[in-house]
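Predicted model only: the values in this text are computed from it and were never measured. Numbering of ligands and ligand atoms starts at 1, following listing order.
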Amino acid sequence: MTPAARIGAAIEILDRILGGAAAEQALTGWARANRFAGSGDRAAIRDQVFDALRCRRSFVALSGGAESGRALMIGALRAEGRPVGEVFSGDGYAPAPLSAEEAANLASAPSYEALAELVALDCPDWLAPALRDALGEDFAQVMQAMRHRAPVILRANAARGSRAEIREALAREGIESIPHPLANHALKVTGNAQKIRNSGAYSDGLVELQDAAPQAAVEALPLKPGMRVLDFCAGGGGKSLAMAARNRGHYVAHDAAPSRMRDLPVRARRAGARIEIRDSAQLATGAFDLVLIDVPCSGSGTWRRAPEAKWTLGPDRLAELVGLQARIFDTAARHVAPGGSLAYMTCSLLGAENRAQVAAFLARTPGWRLVTNRLYSPLDDSDGFFGALLMRD
Ligand SMILES: C[S@@+](CC[C@H](N)C(=O)[O-])C[C@H]1O[C@@H](n2cnc3c(N)ncnc32)[C@H](O)[C@@H]1O
């Protein structure tokens, strides 16, 4: 496909997403219907679609038009300083030339420098006060970082080798990486990230895809050999696997939706980890030295990887999530043994889901104290992520 034809495809996919389709679904649907597109085409189209979703507000403003796939790609070209007419030529599979209305809109659209702050930062208006509150003077820098692609980060599995050894194993397969300073086993991929999923290093359990902040948060947990540990919201088991790689212990995974843990046995086998799966009825009160709750959240820390969430989150959904997080906090706390710990984690930047949630738990639950908490952001070269450790008397 020519570069212009790829932009034409991105326009079609973006229109489906703006019409309500999930991004992954729209991309897969397009690929199935257009089998001539090779893997390079699909990867390039995917990047264009996700870039446009991250910068949805500013790209539309730069086009001067109403929101549409074409407006997004006109804005994207303008943001890159590329002449729009060269791509919107109508030649072959290139997008049709600009209509008179589109051309007039583009001619009168402001420059990026002239956009209002929240438009230029691609920040939804209603979330700006909460984000400013959580990020303080880093607000603009973090929101600017959220407009760009996230790096690919791996966790080198300590049960399979040192970070240096695993880095060499990756290099032998042509995957380049450098140690990430935030976590002891984190590797930032600097070349050939597309090879990871089909690599021997991945299938042999040497690496898992995991951002640096959750790795750092797991490293900060007070894990000791032989501990009884419950991952209460285990999902795919990313945190269980990271904990089990650190220390021998008795690891139990649980999730309200057990089907989410379906891949965990295979992943654990691959990683050489032992993780027992239990349902709610099999979890005794006060039976664990450490309970981890990686709760469902807005995902505001992962907007670089899942940019749709930035635009679809609303106040009602956020309030619903905050209520659910509080209920999980209360339920999970009952499984902690006296003197044990409760680790609360989100991939959110918002105070309501982080510090305020922890403060509310402490206020309504006697016998607990806060040990540490930390908010990570793209300024740490990671996703936005929050971790708090609480201890039971
Ligand atoms: C952020 S995801 C967990 C991701 C996972 N820890 C990982 O590292 O891959 C949150 C999980 O919480 C689960 N969940 C939702 N409500 C729950 C509840 N009331 N009790 C336990 N788990 C719940 C969801 O099914 C989802 O899998």
**Q** Ignoring hydrogens and geometry, is there a side-chain-to-backbone donor-acceptor pair from Arg246 to Glu219 under 3.5 Å?
**A**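 Yes, Arg246 side chain to Glu219 backbone: donor-acceptor pair under 3.5 Å.
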
**Q** Show me the short polar-atom pairs for ligand 1: any N or O of it lying under 3.5 Å from a protein N or O, with distances only.
**A**
residue, atom, partner, partner atom, Å
ligand 1, 6 (N), Cys233, O, 3.1
ligand 1, 6 (N), Ala234, O, 3.3
ligand 1, 6 (N), Asp294, OD2, 2.7
ligand 1, 8 (O), Lys239, N, 3.3
ligand 1, 8 (O), Lys239, NZ, 2.8
ligand 1, 8 (O), Asp294, OD2, 3.4
ligand 1, 9 (O), Gly238, N, 3.3
ligand 1, 22 (N), Ala256, N, 3.3
ligand 1, 25 (O), Asp255, OD1, 2.6
ligand 1, 25 (O), Arg260, NE, 3.2
ligand 1, 27 (O), Asp255, OD2, 2.7

**Q** Might you work through the salt bridge (charged side-chain N to carboxylate O under 4.0 Å, His left out) test for Glu24 and Arg46, ending with a clear yes or no?
**A** CA-CA 9 Å; Glu24 291 298 345; Arg46 184 191 175 80; 2.8 Å; yes

**Q** With the threshold set at 4.0 Å, does a side-chain nitrogen-carboxylate oxygen contact exist between Asp211 and Arg155?
**A**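 No, no charged N to carboxylate O under 4.0 Å.
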
**Q** Do Met227 and Asn247 have side chains that approach each other closer than 4.5 Å (heavy atoms only, starting at C-beta)?
**A**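 Answer no - side chains too far apart.
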
**Q** With a 4.5 Å limit on heavy-atom distance, are the side chains of Lys188 and Val152 in contact?
**A**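 They are not in contact (no side-chain heavy atoms under 4.5 Å apart), so the answer is no.
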
**Q** Can you see whether Tyr251 has Arg228 sitting over its ring - NZ or CZ less than 6.0 Å from the centre and within 45° of the normal?
**A**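 Not flagged: Arg228 not positioned over aromatic ring of Tyr251.
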
